[in-house]
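See below for the structure under consideration.
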Protein chains: 2
Amino acid sequence: MPTKTTAHRPPTRPRKRRVTIADVANELGVTKGLVSRALNDYPDISEATRERVRAAAEAMGYRALSHARAIRTGQVRALGLVIQLSDHDGQRPFLADLLSGISQAASAADWTVTIATSTSDADTLHQLGHLADAHKADGFILPRTYEHDARIDYLRAEGLPFVLYGRTADDTGCAWYDVDSGAAMAEAVALLAGLGHRVIGFVPGATGTMYDRLRREGFAAGMRAAHLDTAPVSDPACDRAQGAAAARALLGRDLPPTAILCATDAAAVGVYDAARAAGLSIGTDLSVIGYDGLPEGAVLDPPLSTFHVDAARAGARLTDLLIRSIAGEDPADLRDLDPATFRPGGSHGAPTLTPAELAARVAHSNHVSNPGRER
Amino acid sequence: MPTKTTAHRPPTRPRKRRVTIADVANELGVTKGLVSRALNDYPDISEATRERVRAAAEAMGYRALSHARAIRTGQVRALGLVIQLSDHDGQRPFLADLLSGISQAASAADWTVTIATSTSDADTLHQLGHLADAHKADGFILPRTYEHDARIDYLRAEGLPFVLYGRTADDTGCAWYDVDSGAAMAEAVALLAGLGHRVIGFVPGATGTMYDRLRREGFAAGMRAAHLDTAPVSDPACDRAQGAAAARALLGRDLPPTAILCATDAAAVGVYDAARAAGLSIGTDLSVIGYDGLPEGAVLDPPLSTFHVDAARAGARLTDLLIRSIAGEDPADLRDLDPATFRPGGSHGAPTLTPAELAARVAHSNHVSNPGRER
DNA sequence: TGAGCCTCCGAAACCGGTTTCGGCAAGTGT
DNA sequence: ACACTTGCCGAAACCGGTTTCGGAGGCTCA
């Protein structure tokens, strides 16, 4: 026994000994191996015996210890998740729902969830490597995919199962689940165009992420379908401040957009700031549509029109796909695409101004309000 | 070999065999036992040998498999967390930070985190039991404590280590970490009283939770200290709608409060709704202070004055306390209380109206605005 | 010089499962 | 009646670690 620093251990930790497979075997007068094979549906066990064993195990409250089993089988029945929490991270608010979906589905299949968090791409890779190396999970869920994703390269090289939440540039051999945000962007453009908007601005999201590419493409496709070509696109914006800056830039153009479509709600919140500063009323002077269904959007005035993503469902689907992938199904068959649902707020409507009139309004407001007022 | 439903397994999963303790032993020409004892700091190993083993293990990239170790030691080096996600749940937005703190601290100590989610108190207990029974964790973090908490009873009875995020009525033998929200409530009252408010309303949180009791007590203590006794307390409010209802009730009194203190930001958002509906301007006509530091508060107009809780720090502290508790330290020594920090927004200020004047304003607005207008 | 005591290590049991292997008994075909 | 399956189970190895036990060798001390 090591001396170590075994500090004050409480008087007696009672802990009743748990019932092992040997206990069940003894009770029945058979061997451990027999019990194990019976419980694991080996074909060389008679149905009568199998039932007898099942009954005894049930009655004695036997439950196999997953880590004891793992040493032989190599499966810990756990799925891993590394959550990257950058400051400008849109997925924070959905984390709870995502986890809920994952955990619920995992629990239903008698799996558990091991998580780690990280603060940067490099850290994410490190945490992933650690979980994989320590074999704390049999497979991984990879949220927020990049077009070129180092996590995918790593897991591919290691031959470890994984499923993407989102897509990636080269998805050969990848299982994935995604919400079709590109289609949502196109839908939003069609909606705005139908209301009469002719100049529609776009605020993209984080560069390098796959969702950004897909939403840009969706926006462009929507514009083409509406036969519009005047499409000012701002710099990327991932948070409120960047969203405000993007909106200022768009509104400062000679022919500013009468509607701004944001790849993320986080940016849309900033658009509200900029619009307010420019004396524009949202929903009339300027239409805004976001994407994500952020809680903040609902408390804005007017409430933000946006697309809602069912994160819990995503988590459940991802878990299902991953477990099947671990079980050996071909990842190429494990792909799923769900639509996002539009949730109208009060931030979009028919244009009340032409772009030229809007430009005049903005210029005027820049004149009267003392510069640098915005909080 | 079981026939089972072993579906399409990919061509060949390469998986290089990992280096085991036996490999290290062979390399050195010693026994497995020797290597194990050397690596685990047993005292019967000469320093020279220990160093030789360490170097070889390091060089060969040996890392012990936690679940192989667990079968003998009974420790899986994982801490468990069951997150209850009711719909009216204030902790959702802080979950990311809390997890981040927990995971970071755990990872630093070479522990991992196993989570489960639940949808009700009963489910929480069930999930907890499952994790404990399957021995997926060596100890548990219990967020959002109740005054009388079934989880605590269960874990006490099982003799399993745990740490509370929050306190409980009878905390004998409990390790806990908490943020002193009671003191925050008292501080808010002192602030409002200092500004000249004489009638201050209180909107409590979820009944049965320990935080609700502590914040009520903190509010009461603050009122006593400020020598104020007119303290209307509304029904509990845990979400926006309930917060609005609570505010309407408070404002409908003969002598309505000129400031409303909310146990949670979620309720405070509803207070904004009610105030707006009553034609009151927040920060002047009516002061509002919340607690939690909800992101929604920052996008309100004016931004909500509230108390910020450092959830990441909480997670890190909880993890530290739990690991020490598992190591055998006396839980009674493992307790920690941090202050919340006030984050002023624009929602509080000196009263511009007396309660009587406020009552008149409210009554007037009830008259002019057509009823049932509020969204 | 011999008894007694450390120091340090090998050998082997052990933890709770899984998996392989061999063999007995009953059934089958001729 | 005899070889050949087949069904079913016991025995034992195995997985990757940890822990106990005993003993060889060197040292001290009377």
Side-chain angles (χ1 to χ4, degrees), chain A residues 1-4 6 15-53 56-57 60-77 110 133-136 138, chain B residues 1-4 6 15-53 56-57 60-77 110 133-136 138:
Chain A
M1 188 180 305
T3 310
K4 288 207 269 189
T6 322
R15 309 311 293 280
K16 41 188 173 289
R17 216 179 65 77
R18 71 181 288 137
V19 25
T20 75
I21 199 170
D23 296 333
V24 180
N26 283 338
E27 177 73 19
L28 261 46
V30 297
T31 60
K32 305 192 310 179
L34 191 271
V35 175
S36 173
R37 279 172 301 173
L39 260 23
N40 289 323
D41 290 327
Y42 274 59
D44 67 339
I45 303 292
S46 77
E47 205 44 52
T49 305
R50 190 190 310 287
E51 214 35 65
R52 221 159 48 91
V53 171
M60 300 175 68
Y62 169 72
R63 283 186 37 87
L65 222 40
S66 68
H67 55 262
R69 162 181 300 177
I71 163 181
R72 194 76 224 269
T73 64
Q75 289 223 355
V76 292
R77 278 187 97 78
D110 198 30
D133 190 46
H135 209 291
K136 288 284 193 170
D138 302 312
Chain B
M1 187 179 304
T3 310
K4 288 206 270 188
T6 322
R15 307 311 296 281
K16 41 189 174 293
R17 216 180 64 78
R18 71 181 288 136
V19 23
T20 74
I21 199 170
D23 296 332
V24 179
N26 282 339
E27 177 73 19
L28 262 46
V30 298
T31 60
K32 306 192 309 179
L34 193 270
V35 175
S36 173
R37 279 170 301 171
L39 260 24
N40 289 323
D41 291 326
Y42 273 58
D44 66 340
I45 303 292
S46 77
E47 206 44 52
T49 306
R50 190 189 310 285
E51 214 34 67
R52 222 158 48 91
V53 171
M60 300 174 68
Y62 169 72
R63 283 186 38 85
L65 221 41
S66 67
H67 54 262
R69 162 180 301 176
I71 162 181
R72 193 77 224 269
T73 63
Q75 289 223 356
V76 291
R77 278 187 96 80
D110 197 30
D133 190 46
H135 209 288
K136 288 284 192 171
D138 302 313

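Order of the sequence lines fixes the chain letters, A, B, ..., with proteins taken first and strands second; residue numbering starts at 1 for each chain.
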So salt bridge (charged side-chain N to carboxylate O under 4.0 Å, His left out) across residues 63-77 of chain B, not counting sequence neighbours, yields A:D133-B:R63
Using atom CG of B:D23 as one end and atom C1' of D:dG17 as the other, report the distance to the nearest whole Å.
-> 12 Å
Taking CG from B:D41 and P from D:dT19, how many angstroms apart are they, rounded to a whole number?
-> 12 Å
In degrees, rounded to 10°, what is the bend between the two ends of the helix from C:dT1-D:dA30 to C:dT30-D:dA1, using five pairs at each?
-> 50°
Can you list the residues that meet the side-chain hydrogen bond (donor to acceptor under 3.5 Å, both in side chains) rule with A:N26, with sequence neighbours excluded?
-> none
What nucleic acid atoms does B:S36 come within less than 4.0 Å of, heavy atoms only: base, sugar-phosphate, or nothing?
-> base
Looking only at heavy atoms, the pair that brings A:G74 and A:D138 closest together is O-OD1, 3.7 Å
side-chain contact (heavy atoms from CB on, under 4.5 Å) assessment of A:T31 paired with A:V35 = CA-CA 7 Å; A:T31 60; A:V35 175; over 6 Å; no
Starting from the C-alpha separation in whole Å, work towards a yes-or-no answer on side-chain contact (heavy atoms from CB on, under 4.5 Å) for B:T49 and B:R37.
-> CA-CA 11 Å; B:T49 306; B:R37 279 170 301 171; over 6 Å; no
For every nucleotide of nucleotides 22-27 of chain C, 5' to 3': is a protein heavy atom under 4.0 Å from its base (B), only from its sugar-phosphate (S), or from neither (-)?
-> ------
Heavy-atom pair of closest approach, residues A:G61 and A:V19 = O-CG1, 3.6 Å
Atom pairs under 3.5 Å, N or O on each side, protein against nucleotides 12-16 of chain C: can you list them with distances?
{"from": "C:dC15", "atom 1": "O4'", "to": "B:R72", "atom 2": "NE", "distance (Å)": "3.3"}

State whether A:T49 places a side-chain N or O below 4.0 Å from either non-bridging phosphate oxygen (OP1 or OP2) of D:dC9.
-> yes
Atom CZ in A:R50, atom CG in A:N40: separation rounded to 0.5 Å?
-> 9.5 Å
A:E47 CD to D:dC8 P: how many Å, rounded?
-> 9 Å
Check side-chain hydrogen bond (donor to acceptor under 3.5 Å, both in side chains) between B:E51 and all other residues, then give those that pass, not counting sequence neighbours.
-> B:R54
Quick one: A:R77 CZ to C:dG17 C1', roughly how many Å, whole number?
-> 15 Å
Starting from P on D:dG17, measure out to CG on B:L34 and report it in whole angstrom.
-> 15 Å
Roughly how far, to the nearest 0.5 Å, is OG of A:S66 from NE2 of B:H67?
-> 9.0 Å
Separation of A:L39 atom CG from C:dT18 atom P, in whole Å?
-> 8 Å
Might you work through the side-chain contact (heavy atoms from CB on, under 4.5 Å) test for A:K136 and A:V76, ending with a clear yes or no?
-> CA-CA 7 Å; A:K136 288 284 193 170; A:V76 292; over 6 Å; no
Please step through side-chain contact (heavy atoms from CB on, under 4.5 Å) for the pair B:Y62 and B:D23, ending with a clear verdict.
-> CA-CA 9 Å; B:Y62 169 72; B:D23 296 332; over 6 Å; no
Separation of atom CZ in B:R50 from atom C1' in C:dC9, rounded to whole Å | 13 Å
Could you check how far CZ of B:R52 sits from C1' of C:dC8, rounded to whole Å?
-> 12 Å
